[in-house]
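Read the structure below first, then the notes.
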2 protein chains.
Amino acid sequence: MSSKVQTQQRILDAAQSLFAESGFNDTSLRQITTKAEVNLASVNYHFGSKKELIQAVLQRYLQVLMPRLDQEFDRLLASQKPNDLTQILSVFVKPLLDLNQLQRRGTRTFLQLLGRGYTDVQGHLRWFINHHYGRTLDKFVLLVQQSCPHLPQSEVFWRLHFSLGSIVFTMASSDALAEIAQADFNEAVDIEGVIRRLIPYLGAAIAAPVYSQDLKTVA
Amino acid sequence: MSSKVQTQQRILDAAQSLFAESGFNDTSLRQITTKAEVNLASVNYHFGSKKELIQAVLQRYLQVLMPRLDQEFDRLLASQKPNDLTQILSVFVKPLLDLNQLQRRGTRTFLQLLGRGYTDVQGHLRWFINHHYGRTLDKFVLLVQQSCPHLPQSEVFWRLHFSLGSIVFTMASSDALAEIAQADFNEAVDIEGVIRRLIPYLGAAIAAPVYSQDLKTVA
DNA sequence: GTACATTTCAAACAGGTGTTTAAAAGTATG
DNA sequence: CATACTTTTAAACACCTGTTTGAAATGTAC
């Protein structure tokens, strides 16, 4: 009995770090099972397929993170007046950083995985997250819309995807970026530093005024 | 003689559309040569390897785009007073849209390829672009720094990478996003629309004030 | 302690990958 | 025309991928 969960755990642990480092496509089951020191076939035995393993790896974080975010969103939605955008974005910080208690380097790993999830794979992870946590995400969108009454819904849609791009891309390549920052600016940056840098950036971006289109008609 | 360039052209054309659609890793040489109606071996014969084919596909656009951007950057740098950030970002618009004269759907394809280039592959395309066009990119960074004297260099570095993330991610998934926008908001969005939406967003983001750091003492 | 169920294991499977080979076809040049 | 060079072709190469198989080992319950 305990050997079963041990094997599953070993696979998940090995998989998550390899996935975070090299992406889903570029990590083979053989690499995972070698690192986990389990038999190749055990991935399919315990998880069914590689696709389901990927989902299981992300699920381990999402099932902790998302209920906490959902709770925070409810709290903000309960207040009468619209919330400040920076405030809304800041509610992500603590739940994200608390993932470090779930796993060593949990925050970093999860965000890297999320990045990989949106860039590597075409559809199935996007669908998976939306299917399981769409309700929570909708609350977030609503909050942002309330805080930006000057923006049409479609503009909020685009800007949130622009923002998702920043996050996901930054996290997928956070190792490389941190290295450059270290070399060029002698600046030690951890994942918390990146998150905190993102908040004012995204806050200003999402709330930016929409410029009228007619003054920039180019030839 | 002309059959040689014809074959190379056919390969490049087929490769670019498949790469843009499915990414580099998920497009095989057999798919490319089938679509191009050439022999499988001709890719290696004419380009050496898949890696070099990828670079050749991007190079076809970069060698047109980058000199034009370089020129625009020089023009802005020549002016005495610092330039407005929105102005700086706007110089991308025309050179990018002119790629449509190079190829049908050129702008869209190029930006998708760029997105794939930064998300799919780990290193070699990043290196390739920096190696060939680093001087031009440096001019852009300088312009941004001049327009944002309140920002430390390292902050500009991070924010430009956040911005790169928005662009690259949006472009890599632009088809999916445009579909959603169409369905949810009955909004037809072409690539030019996306570019124009990005400018005020990125302008506000990059120039955003830096919030005081002292509240971020880590545990 | 036997019977049953779960888990592990080595091996093979079927299919895909980028690349190389050596002969064939085509094309210029003397 | 014959020579030399370039390009195309079909086939094979060596390797890697996720998945399946059936037997062996282990664990669990009566």
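Everything numeric here is computed off the predicted structure, so don't read it as measured data. In what follows, every chain begins at residue 1, and chains take the letters A, B, ... in the order their sequences are listed. Computed from heavy atoms alone, side chains included, the values below leave out hydrogens, waters and symmetry copies.
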Which class fits the ring pair B/H131 and B/W127: parallel under 30°, tilted 30 to 60°, perpendicular over 60°?
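Ring orientation of B/H131 relative to B/W127: parallel.
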If you apply the rule ring-ring contact (aromatic ring centres under 6.0 Å, His included), what do you find for B/F128 with B/H132, and how did you get there?
CA-CA 6 Å; B/F128 177 81; B/H132 286 279; 4.4 Å; yes
Centres of the A/F169 and B/F169 rings: under 6.0 Å?
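Not close enough - the centres of the two rings lie 6.0 Å or further apart.
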Quick one: is C/dT6 close enough that its OP1 or OP2 comes under 4.0 Å of any side-chain N or O from A/H46?
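Answer no for this pair, as no side-chain N or O of A/H46 is under 4.0 Å from OP1 or OP2.
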Taking only N and O in the side chain of A/T7, is any of them less than 4.0 Å away from OP1 or OP2 of C/dT8?
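Checking C/dT8 against A/T7, a side-chain N or O does come within under 4.0 Å of OP1 or OP2.
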Atom pair distance, as rounded to whole Å: [atom1] in [X] and [atom2] in [N]:
| X | N | atom1 | atom2 | result |
| --- | --- | --- | --- | --- |
| B/Q9 | D/dT7 | CD | P | 15 Å |
| A/I32 | D/dT19 | CD1 | C1' | 14 Å |
| A/I11 | D/dT19 | CD1 | P | 13 Å |
| A/F19 | D/dG18 | CZ | C1' | 12 Å |
| A/D26 | D/dC16 | CG | C1' | 13 Å |
| A/H124 | D/dG18 | NE2 | C1' | 14 Å |

Keeping A/T27 on the side-chain end and A/G23 on the backbone end, is there a donor-acceptor pair under 3.5 Å?
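Side chain of A/T27 to backbone of A/G23, a donor-acceptor pair under 3.5 Å: yes, one is there.
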Any salt bridge linking A/E21 with A/R105? Criterion: basic side-chain nitrogen under 4.0 Å from a carboxylate oxygen.
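No.
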B/E72/B/R68 ion pair, N-O < 4.0 Å:
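Salt bridge: no.
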Treating primed atoms plus P, OP1 and OP2 as sugar-phosphate and everything else as base, which nucleotides of nucleotides 18-23 of chain C get B, S or - for protein heavy atoms under 4.0 Å?
BBBB--
